[in-house]
S.K.: 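Attaching a single structure in structure tokens format; questions to follow.
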Number of protein chains: 2
Amino acid sequence: MRLTRAAEYAIRCMLYLSRQGQGVLTSRQEIAQQADIPTHFLAKIAQDLAKAGLIEIRQGARGGFILRKNPAAITLLEVVETMIGEISLNDCIARPAGCKVSYHCAVHRVWLDARDQLRNTLRQVNFEQLITDASCFLPSLHMPLEPKRLETIVSSRTDPQ
Amino acid sequence: MRLTRAAEYAIRCMLYLSRQGQGVLTSRQEIAQQADIPTHFLAKIAQDLAKAGLIEIRQGARGGFILRKNPAAITLLEVVETMIGEISLNDCIARPAGCKVSYHCAVHRVWLDARDQLRNTLRQVNFEQLITDASCFLPSLHMPLEPKRLETIVSSRTDPQ
DNA sequence: AATATATGAGACCTTATTAATCCTATTTAT
DNA sequence: ATAAATAGGATTAATAAGGTCTCATATATT
């Protein structure tokens with residue numbers, strides 16, 4: 001798996017829309033500017049997000065994007081996989097046909113497990129949690145926030161290291 | 001992070017050498033053939049493995065590669081990161097300088113945690129465990145599971161190629 | 001010492017993917 | 001009707017991956 005720039009932008013876009021709130025219309029220009037995303041690139045990304053049902057796109061004058069779901073109902077995994085497809089850590093998992101021995105390979109199993117673990121982690125994070133303390137925008141641009149700790153967000157998981 | 005082909009080949013190579021056993025010399029040709037790795041590509045990969053102290057390379061006639069550590073002491077993480085560098089799931093983590101807001105970004109924290117989790121998972125797997133039941137070679141190609149002794153290898157090297 | 005064999009190291013090429021941009025069409029508020 | 005905004009596909013640019021080639025170097029064998 002590789003988090004592409006498109007995926008990073010998508011996350012930023014969804015974060016911004018989540019801040020605005022479900023159902024609020026925001027112009028592409030504003031999002032692009034505030035979240036530091038190339039405008040044209042954002043247009044393409046938005047199409048994927050719209051296909052996935054995450055946002056609605058309004059054309060025409062006073063057009064823009066609208067968050068269609070409650071931020072709490074949108075997981076990080078959902079947004080990521082909308083952009084890059086189902087996560088898999090290696091080709092052997094993504095295209096088992098290309099691997100002659102995947103069926104009875106111990107390494108294969110490890111990658112499968114690791115992938116599941118990663119997907120579960122990302123699935124446990126939703127955008128309501130993220131906007132509570134996320135500031136993936138320039139400090140000068142984003143609105144004031146209480147500096148809450150993320151530990152509350154990920155506390156259900158075992159702390160690594 | 002992206003598991004490149006070079007990393008997959010490196011794992012196969014290390015698996016093969018682990019089967020042979022620590023200290024056993026095996027020719028590059030044999031490994032390449034048995035583990036289905038382009039010979040020249042394997043040469044390049046081996047250099048990285050050697051730099052990391054995982055194998056020793058013998059040049060000259062009857063040259064080849066030798067496993068320098070006990071398979072039980074070699075983790076999957078070690079081999080993977082030798083090939084692709086320290087694992088990180090997105091650029092924001094790998095090159096924080098490029099991300100203007102990484103310090104106080106909740107998403108950033110999630111990626112950090114996910115990365116640590118993944119690295120820990122891969123760190124818990126060693127090559128002794130893997131060879132116990134791994135068969136990442138073609139069933140028809142790979143040899144019996146008992147590791148060869150050095151004498152056996154040297155004396156049976158009369159066959160051409 | 002000479003020769004054959006095997007790998008070292010890095011340059012080089014080819015292809016694939018990513019990232020971004022451009023242009024024309026379409027939609028919608030006023 | 002007009003202006004404002006996005007749609008959607010084509011195109012380009014940059015980067016990285018995967019693999020190959022060549023010459024240099026090391027070593028066993030005779």
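Not measured: the values here are computed from a predicted model. Sequence lines set the chain letters: A, B, ... in the order given, protein chains first and strands last, and positions in each chain run from 1.
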S.K.: Given atom CG of A:Leu25 and atom C1' of C:dT28, what is their separation to the nearest angstrom?
M.R.: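 Atom CG in A:Leu25 sits about 12 Å away from atom C1' in C:dT28.
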S.K.: If a pair satisfies salt bridge (charged side-chain N to carboxylate O under 4.0 Å, His left out) and one of its residues is in residues 37-60 of chain A, list it, with sequence neighbours excluded.
M.R.: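 Checked against salt bridge (charged side-chain N to carboxylate O under 4.0 Å, His left out) - neighbours excluded - the pairs reaching residues 37-60 of chain A are A:Glu56-A:Arg58.
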S.K.: The side chain of B:Pro38 lies closest to which of these nucleotides: D:dT6, D:dG19, D:dA17?
M.R.: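 Minimum distance to the B:Pro38 side chain belongs to D:dG19.
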S.K.: Main chain of A:Asn126, side chain of A:Gln129: is a donor-acceptor contact present, judged purely on distance under 3.5 Å?
M.R.: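 Yes.
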S.K.: Of B:Ala43 and A:Tyr9, whose closest DNA chain C nucleotide lies nearer the 5' terminus?
M.R.: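 Between the two, 5'-proximity favours B:Ala43.
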S.K.: Let's see if you get this right: which residues in residues 47-61 of chain A place a heavy atom under 4.0 Å from DNA chain C?
M.R.: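 Per residue number, the list reads A:Gln59, A:Gly60, A:Ala61.
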S.K.: Between B:Arg12 (side chain) and B:Asp36 (backbone), is there a donor-acceptor pair under 3.5 Å?
M.R.: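 Present.
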S.K.: Find the distance A:Arg62:CZ to C:dT30:C1' and express it as a whole number of Å.
M.R.: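 Answer to the nearest Å: 12 Å.
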S.K.: Would you list the pairs meeting ring-ring contact (aromatic ring centres under 6.0 Å, His included) in which at least one residue belongs to residues 41-60 of chain A, sequence neighbours left out?
M.R.: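 Listed by first then second residue: A:Tyr9-A:Phe41.
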S.K.: Under 4.5 Å between side-chain heavy atoms, chaining through other members, with only Ile, Leu, Val, Met, Phe, Trp and Tyr counted: pull out the rest of the cluster around A:Ile66, sorted by chain and number.
M.R.: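 When side chains under 4.5 Å apart are linked, the cluster holding A:Ile66 also contains A:Leu25.
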S.K.: Quick one: salt bridge (charged side-chain N to carboxylate O under 4.0 Å, His left out) pairs with a partner in residues 64-76 of chain B, sequence neighbours left out?
M.R.: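 Found B:Lys69-B:Glu78.
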S.K.: So, is B:Arg2 near the phosphate of D:dT15, with a side-chain N or O under 4.0 Å from OP1 or OP2?
M.R.: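 B:Arg2 to D:dT15 OP1/OP2: no side-chain N or O under 4.0 Å.
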S.K.: What is the distance, to the nearest angstrom, from the CD1 atom on A:Ile37 to the P atom on D:dT6?
M.R.: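 Checked: the CD1 to P distance equals 13 Å.
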S.K.: So for B:Lys44 and C:dG8, does any side-chain atom that can act as donor or acceptor lie under 3.5 Å from a complementary atom in the base?
M.R.: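 Per atom types, no contact qualifies.
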S.K.: Under 4.0 Å between any heavy atoms, over every strand shown, what does A:Ala6 touch: base, sugar-phosphate, or nothing? Just pick one.
M.R.: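 Sugar-phosphate, backbone atoms only, no base.
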S.K.: Only counting residues at least two apart or in another chain, list the ones meeting salt bridge (Lys or Arg N to Asp or Glu O under 4.0 Å) with B:Arg28.
M.R.: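 So B:Arg28 forms no salt bridge (Lys or Arg N to Asp or Glu O under 4.0 Å) with any residue.
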S.K.: Expressed as a whole number of angstroms, how long is the span from B:Glu30:CD to C:dT7:P?
M.R.: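 About 11 Å, once rounded to whole Å.
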S.K.: If you check every side-chain atom of A:Gln29, which of C:dT21, C:dT7, D:dT6 has the closest atom?
M.R.: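 Between C:dT21, C:dT7, D:dT6, the one nearest the side chain of A:Gln29 would be D:dT6.
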S.K.: A:Ile84 CD1 to C:dT17 C1': how many Å, rounded?
M.R.: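 So the two atoms are 14 Å apart, to the nearest Å.
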S.K.: Rounded to the nearest Å, what distance is computed from the CD1 atom of residue A:Ile66 to the P atom of nucleotide C:dT27?
M.R.: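 Those two atoms, CD1 and P, are 17 Å apart.
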S.K.: Specify the separation, in whole Å, of atom CG of B:Leu42 and atom P of D:dG18.
M.R.: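 So the CG-P distance, B:Leu42 to D:dG18, works out to 15 Å.
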